[in-house]
Trainee: 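Sharing a structure here in structure tokens format.
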Amino acid sequence: MEKYEKLEKVGEGTYGKVYKARVAATGQLVALKKTRLEMDEEGIPPTALREISLLRLLSASLYIVRLLSVEQVTKPCGKTVLYLVFEFLDTDLKKFVDGFRKGPSPRPLPTEVIKSFLYQLCKGTAHCHAHGVLHRDLKPQNLLVDKEKGLLKIADLGLSRAFTVPMKSYTHEIVTLWYRAPEVLLGATHYSTGVDIWSIGCIFAEMVRRQALFPGDSELQQLLHIFRLLGTPTEEQWPGVFALRDWHEYPHWKPQGLARAVPTLEADGLDLLSKMIQYDPANRISAKAAMDHPYFDSLDKS
Ligand SMILES: NS(=O)(=O)c1cc(-c2nc3ccccc3s2)cs1
């Protein structure tokens with residue numbers, strides 16, 4: 001990997017081993033993601049090949065972090081590791097929102113920024129879903145932002161297929177549950193694109209509030225945060241919920257109304273959010289349909 005000068009680790013292990021690096025020959029900045037893939041004597045396992053070709057296909061979208069190359073490196077000890085080389089963006093949405101929450105002058109994110117970032121997130125997600133790929137772990141930490149160009153791109157799609165999202169990340173970092181859909185928390189085994197739409201709704205509300213919508217610190221607490229705001233789900237509004245594996249008798253909370261959580265959000269925005277934060281995954285708006293919602297009419301979609 002002498003082609004690259006490793007600069008610093010980014011995201012402190014949130015993403016596994018990802019380094020900011022410079023291409024020695026051109027000075028171009030890249031993100032080097034070291035995969036945990038153990039190479040056997042036959043070379044790259046077919047599952048990994050499929051994963052990588054899927055990544056290449058998906059990263060053709062402007063709204064997904066571009067995979068520039070895949071580098072195979074055999075270390076002196078004979079072990080072969082695979083590096084994924086991605087385009088570099090200077091920050092992620094978590095840090096971007098923190099910048100508006102903390103700092104000398106806490107202030108809301110400009111409405112147009114929220115609208116533009118949400119539109120780009122829906123567009124990138126619609127691209128994945130159109131190729132039958134779920135992300136399964138959308139959260140502000142793996143949405144990268146180019147502040148200058150006002151771009152938002154989905155990163156870390158590596159978790160999307162086959163592997164279930166681990167409880168602890170590679171570096172024993174706690175995997176956040178804040179964006180996890182209720183059907184996943186209730187142990188559904190077959191879930192669909194709706195899991196990503198729920199996450200997008202939580203991220204939308206967080207950009208407006210500058211604090212998480214449902215900040216649970218355990219699977220049970222995560223559910224109770226959701227129930228306390230939306231009301232404990234009923235069979236009427238979510239047919240089949242009582243049959244989910246981890247369903248128990250929960251206290252019966254009444255809906256508080258989503259508006260209470262995002263009092264500053266304009267009517268169109270609240271309407272779109274309420275179509276994303278629906279208990280029944282079948283009732284959630286699709287990423288593609290969301291892009292046509294009136295909330296985006298004031299956005300310059302050029
Ligand atoms: N969290 S951070 O330091 O602002 C920052 C993270 C990144 C990342 N870029 C990539 C690209 C691909 C996969 C994961 C990551 S994480 C670039 S800057």
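Every number for a ligand or one of its atoms is a count from 1 in the order of the listing. When a residue number appears, it is its place in the shown sequence, counting from 1.
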Trainee: Just list the side-chain donor-acceptor pairs under 3.5 Å for residues 249-262, sequence neighbours left out, or say none.
Mentor:
unit_1 : atom_1 : unit_2 : atom_2 : d
Tyr250 : OH     : Asp246 : O      : 3.1
Gln256 : OE1    : Arg260 : NH1    : 3.1

Trainee: I'd like to know if the side chain of Ser298 pairs up with that of Lys115 as donor and acceptor (distance under 3.5 Å, no hydrogens or angles considered).
Mentor: yes

Trainee: Out of Asp156, Leu93, Val30, whose heavy atom sits nearest atom 13 (C) of ligand 1?
Mentor: Asp156

Trainee: Using distance alone, with no hydrogens and no angle criterion, decide if Glu71 and Tyr4 have a side-chain donor and acceptor under 3.5 Å apart.
Mentor: yes

Trainee: Return the option from Asp92, Val18, Asn142 holding the heavy atom at the smallest distance from atom 1 (N) of ligand 1.
Mentor: Asp92

Trainee: Considering non-hydrogen atoms of the protein only, which is the closest contact for atom 18 (S) of ligand 1, and what is the distance?
Mentor: Leu89 O, 3.1 Å

Trainee: Tell me the protein heavy atom at minimum distance from atom 5 (C) of ligand 1, and give that distance in Å.
Mentor: Val10 CB, 3.9 Å

Trainee: Check whether Leu151 and Val97 end up in the same hydrophobic cluster, where Ile, Leu, Val, Met, Phe, Trp and Tyr are linked by side-chain heavy atoms less than 4.5 Å apart.
Mentor: no

Trainee: For atom 12 (C) of ligand 1, what is the closest protein heavy atom, and at what distance to 0.1 Å?
Mentor: Phe86 CD1, 3.4 Å

Trainee: At what distance is the nearest protein heavy atom to atom 2 (S) of ligand 1, and which residue and atom is it?
Mentor: Lys95 NZ, 3.5 Å

Trainee: Decide whether Ser116 and Gln120 meet the rule of one side-chain donor and one side-chain acceptor closer than 3.5 Å.
Mentor: yes

Trainee: Which atoms of ligand 1 have any heavy atom of Thr91 under 4.0 Å away?
Mentor: 4 (O)

Trainee: Which residue and atom name correspond to the protein heavy atom nearest atom 11 (C) of ligand 1, and how close is it?
Mentor: Ala31 CB, 3.8 Å

Trainee: When you compare the side chains of Glu183 and Tyr279, does any donor N or O come within less than 3.5 Å of an acceptor on the partner?
Mentor: no

Trainee: Could you tell me, atom by atom, which parts of ligand 1 come under 4.0 Å of a heavy atom of Phe88?
Mentor: 17 (C), 18 (S)

Trainee: Taking atom types as modelled, find out whether Asp196 and His129 have a side-chain donor-acceptor pair closer than 3.5 angstrom.
Mentor: yes

Trainee: To which protein heavy atom is atom 9 (N) of ligand 1 closest, and what is the distance rounded to 0.1 Å?
Mentor: Leu144 CD1, 3.3 Å

